Amino acid sequence: MSIGKNIKSIVEEIPYKIKDINLADQGRKAIEMAEKEMPGLMAVREKHGKEKPLAGYKITGSLHMTVETAVLIETLKELGADIRWASCNIFSTQDYAAAAVASTGTPVFAWKEETLEEYWWCTLLALTFPGGRGPDLIVDDGGDATLLVHMGYELEEVYSKTGQIPDIETDVEEERVIETLLRDVLAKDAMHWHKVAEKLIGVSEETTTGVHRLMQREEEGTLLFAAFNVNDSVTKSKFDNIYGNRESLADGIKRATDVMIAGKVVVICGYGDVGKGCATSMRGYGARVVTTEVDPINALQAVMEGYEVTTLEKALPEGHIFVTATGNRDVITLDHMRKMKDQAIVCNIGHFDHEIQVAQLNAAPDIKKENIKPQVDRYTFPDDHQIYLLAEGRLVNLGCATGHPSFVMSASFTNQILAQLYLAKEKPKIGVYRLPKDLDEEVARLHLEKLGVILTELTDSQADYLNIPKEGPFKSDHYRY
Ligand code: NAD
Ligand code: ADE
């Protein structure tokens, strides 16, 4: 295996790189269980499996390599796609799921506990199909695959205009890793990413933070291909972000610490969709929940739900568990951690680890770090108070547990497939798109039967009175759910 600085060629003839292929049988059984809980994806297979609308399309995935993602991958394959896959987080791969997918001949480059060099090398491999060509489509979660293509393209632009390779200026470790990898690729082919970008039809983006990155690029005019905002389908953000995290936050905290949540003060930073799910969960366990917000509307929602809303500084002395769910950076600073209670638990459920100042915490010479077990570290401060940091500040639900349950991921991933089908068929021009309301409603419909839901039908006169079609869409685009 060659990584980072040592890449021999952009085209590496490696069938897969995972922890252990012998885990495939165990993974297959878990995938079979998940399929029964993923009615949306199974319905897509039933509807489109025969016609193979993705035949001839090469798809790169950069999305947590879990059992649920295995069902997504195998659905895309059943629709005819040629797949290469990496995870979008160094800790989130379920090794048996990766093994099961790899054993069917799909190139998977993911394992639990990758280094940053390995992670970005895996992303490069997932983006590089035989012969060195790039994908037609990307399934992204957080935007790292999209970022690599854009940053590579921009570096090549600088090089082609100046003939110089600029020095790496950043001190941020992960940025240095990416910049180094891109310089290695440039040395092999100075137009590689231009060729990749030219072929790309588009990306479908899973999460709030990835969509944020896409919108920024669209605004700046630097977006290189079409993008689908899957996150803002109602059947994604109002289900995965809320109800998914409502279950998987507690799973992560408990598998890591076995702590009793009842009676504790849990501080949730950010009361958006994810924060709402987290707050409900912690209250459900009997915690007293305190939230922090910058947006007055979200703050008002939190207080109307009965949560205290205050600043983190004020909450520090009483909090037992701290959870960041903002998608922002430097929300819990080193200084905050210095003032926390003894035995406080600190974790993040937002997409990137910089919500908590982990780098600063690790670099502080007066603070001692001890590893308790994988993804659980204890820090001892000069005044002897100790805190526990989960998953090194990365997504706690995927680092310390196995992410959201299959059923809610079925709704998210059905949106992903619909977006991929749309991109392949329509090949829209550069821009950021959302799925139309009727498809959003269709995703919900596909999940109702499994739960025994019986829908009421509008009568003709009721449909006339509301001035909407009897079979939907039922709401206008600005309806907020
Ligand atoms: P959101 O925009 O709905 O909510 C974020 C909230 O944080 C907003 O209300 C915002 O006002 C608030 N906020 C921003 N800066 C803040 C600060 N400094 N202090 C306090 N509040 C602040 O976004 P979301 O959909 O809830 O997603 C949040 C994060 O979770 C994103 O990074 C998203 O990608 C990620 N996410 C993770 C999972 C998971 O499985 N772990 C699932 C979905 C989304
Ligand atoms: N995001 C949150 N939970 C997930 C899961 N189980 N699989 C893939 N992505 C996820």
Side-chain angles (χ1 to χ4, degrees), residues 30-31 34 37-38 61-73 85 87-89 91-94 97 110 139-143 205-213 215 229-232 236-249 251-252 267-279 290-302 309-313 315 322-333 336 347-356 391 394-413 416:
I31 292 168
E37 278 283 290
M38 301 187 85
S62 165
L63 195 153
H64 309 292
M65 187 51 255
T66 63
V67 165
E68 289 70 34
T69 302
V71 184
L72 167 65
I73 292 171
W85 212 269
S87 188
C88 63
N89 184 287
F91 292 140
S92 64
T93 295
Q94 286 175 261
V139 175
D140 221 348
D141 183 344
E205 171 53 54
E206 174 84 359
T207 198
T208 319
T209 287
V211 168
H212 186 228
R213 284 173 155 188
M215 301 292 215
N229 168 359
V230 167
N231 182 68
D232 287 300
K236 200 285 183 180
S237 53
K238 298 294 168 185
F239 290 83
D240 170 318
N241 302 23
I242 298 177
Y243 307 120
N245 286 290
R246 189 172 72 180
E247 303 207 9
S248 60
L249 170 67
D251 196 8
V267 182
I268 312 275
C269 301
Y271 192 72
D273 288 328
V274 173
K276 288 178 174 76
C278 294
V290 177
T291 64
T292 73
E293 251 301 336
V294 292
D295 182 328
I297 298 177
N298 297 71
L300 190 59
Q301 286 182 311
V309 186
T310 186
T311 61
L312 185 55
E313 289 70 23
F322 295 83
V323 183
T324 51
T326 68
N328 205 342
R329 56 178 303 162
D330 304 315
V331 173
I332 296 184
T333 63
H336 289 140
C347 60
N348 165 49
I349 200 153
H351 192 78
F352 286 121
D353 59 335
H354 59 196
E355 296 206 26
I356 303 169
R394 296 171 196 274
L395 297 162
V396 63
N397 59 338
L398 284 138
C400 296
T402 52
H404 301 343
S406 308
F407 189 78
V408 84
M409 293 316 297
S410 177
S412 304
F413 289 167
Q416 278 284 5

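Quick caveat, the model's predicted, so the values are computed rather than measured. When a ligand or atom number is given, it counts from 1 through the structure's own listing order. Side chains included, hydrogens not; waters and symmetry mates left out as well; all remaining heavy atoms used.
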**Report entry** Side-chain donor or acceptor of Thr69 paired with backbone N/O of Leu72 under 3.5 Å
**Finding:** no
Query raised in the report: Where the side chain of Glu68 meets the backbone of Ser410, is there a donor-acceptor pair that is under 3.5 Å apart?
Result: no
Query raised in the report: atom 12 (C) of ligand 1: which protein heavy atom is closest, and how many Å away?
Result: Glu293 OE2, 3.3 Å
**Report entry** Nearest-neighbour protein heavy atom for atom 35 (C) of ligand 1, which is reported as residue plus atom name and distance
**Finding:** His351 N, 3.7 Å
Could you see which bit of [X] sits under 4.0 Å from ligand 1, with heavy atoms only: side chain, backbone, both or neither?
{"X": "Leu312", "answer": "neither"}
{"X": "Ala325", "answer": "backbone"}
{"X": "Thr209", "answer": "both"}
{"X": "Ile349", "answer": "both"}
{"X": "Asn397", "answer": "side chain"}
{"X": "Asn328", "answer": "side chain"}

Polar contacts were defined as any N/O atom of the residue lying under 3.5 Å from an N/O atom of the ligand; does this apply to [X] and ligand 1?
{"X": "Tyr271", "result": "no"}
{"X": "Asp240", "result": "no"}
{"X": "Asp273", "result": "yes"}
{"X": "Thr208", "result": "yes"}
{"X": "Cys269", "result": "no"}
{"X": "Glu355", "result": "no"}

Suppose I only count heavy atoms of [X] and a 4.0 Å limit; which atoms of ligand 1 are within that range?
{"X": "Leu395", "result": "41 (N)"}
{"X": "Asp295", "result": "11 (O)"}
{"X": "His404", "result": "40 (O), 42 (C)"}
{"X": "Asn241", "result": "25 (O), 43 (C), 44 (C)"}
{"X": "Gly350", "result": "29 (C), 30 (O), 32 (O), 35 (C)"}
{"X": "Thr207", "result": "33 (C), 34 (O), 35 (C), 36 (N), 43 (C), 44 (C)"}
{"X": "Thr292", "result": "20 (C), 21 (N)"}
{"X": "Gly327", "result": "29 (C), 31 (C), 32 (O)"}

Query raised in the report: Ile242 and Asp273: which non-hydrogen atoms are nearest, and at how many Å?
Result: CG1-O, 3.4 Å
Side chains of [X] and [Y]: is there a donor and an acceptor less than 3.5 Å apart?
{"X": "His64", "Y": "Ser92", "value": "yes"}
{"X": "Asp141", "Y": "Asn89", "value": "no"}
{"X": "His336", "Y": "Thr333", "value": "yes"}

**Report entry** Residues in contact with ligand 2, criterion: heavy atom under 4.0 Å
**Finding:** Leu63, His64, Thr66, Glu68, Thr69, Leu398, Thr402, Gly403, His404, Met409, Phe413
